[in-house]
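Written out below as structure tokens is the structure these notes cover.
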Amino acid sequence: MPKAYSQKPIVIAHRGASGYLPEHTLLAVTAAHIMGADYIEQDIVLSSDGIPMVMHDIYLDTTTDVATQFPRRARADGRYYAIDFSASELKQLSVTERSGSNDTPVYPGRFPIIPLGMEIPTLKEEINLINGLNKSRGTDTGFYIELKAPRFHRDAGFDIAQAVITVLQADNLHCEHANVYLQCFDDKTLQYLRETLETPLPLIMLIAENSWQENSAVDYDWLRTHEGLDYIAQFADGIGPWLPQLYKADTITPSDLVVEAKGRGLKVHPYTIRADDLALGVHTVDELHTRMFIDLGVDGVFSDFPDKTRFFIDNHFGI
Ligand code: CA
């Protein structure tokens, strides 16, 4: 039986073992695999030649040396967009730990911002790596793929959902028994996947806050209402809420989101467990794990520290 349908909560390594190594590098993926993640997350953006690349932002400047290598390729807003570069150009970039404004690290305690000669992986390369490790390690670690900014890609002339499915099909990963989830912040894209592209893969509706302006076409406040959850259950298999949405404003009293979602047969996979940036005012990462798995009974979590989450789940639910 696929792990996704067992009772034991699943560990989704968020951008690989991103608490320890630069996100979405093959090193971070390898580490997450060896730490025993059930699934490893891939965020997907497209190159100018339509190749699905594994990186989180539609921009390149926060995680690569693009400004050094291609100083004249920024748009008028000063940002460098992955969609303006071919896959072979993107492969020339060196990925580093994430930086914020003034080139300071977003997470100061994590891997330093130094070049290691690591490339942006294509989705195909990441499939090859995880399949290879599954073979050599005798595991069945799965893929948990997010389609980033589908409306942005559509405006640039691309169908990111179809592009990802084409890559999955080439490895027989677009079938009912493949260990693959698809996730998106855009409800219409999930409906398109389910109804038009007829995907057999489980779909997760990610839920943002309206204030983040993740996607102005979606009312995330409404998606969390009973009517909104009824709607999601028509085309999706689960929700990916932000951790604070699982509690009321006091961060202690549970909201009804988990109960209402589960009552509609929806899995609940909240984001993100960060040992160095704890949510909900807790003091230790295991306090957060206890809230999620023991108090609320969520079905899995996205974790930047998949080893810590694996350890907690195995201790409480058995190996
Ligand atoms: Ca993601």
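As the structure lists them, so they are numbered: ligands from 1, and atoms in each ligand from 1.
The residue from D61, D84, D57 that alone fulfils the salt bridge (charged side-chain N to carboxylate O under 4.0 Å, His left out) condition with R79 is D61.
In this structure, the ring of Y59 has its center no less than 6.0 angstrom from the ring center of Y80.
When side chains are defined from C-beta on, I83 counts as touching H153, because their heavy atoms get closer than 4.5 Å. With contacts defined as side-chain heavy-atom distances shorter than 4.5 Å, the pair V11/Y39 does not qualify.
Ordered by chain and number, E41 OE2, D43 OD1, E146 OE1 make up the set of protein N, O or S atoms under 3.0 Å of the Ca ion (ligand 1).
Seen from the ring of Y81, R75 counts as a face-on cation partner, given the 6.0 Å and 45° thresholds.
Relative orientation of the F312 and H316 rings is parallel, given thresholds of 30° and 60° on the angle between their planes.
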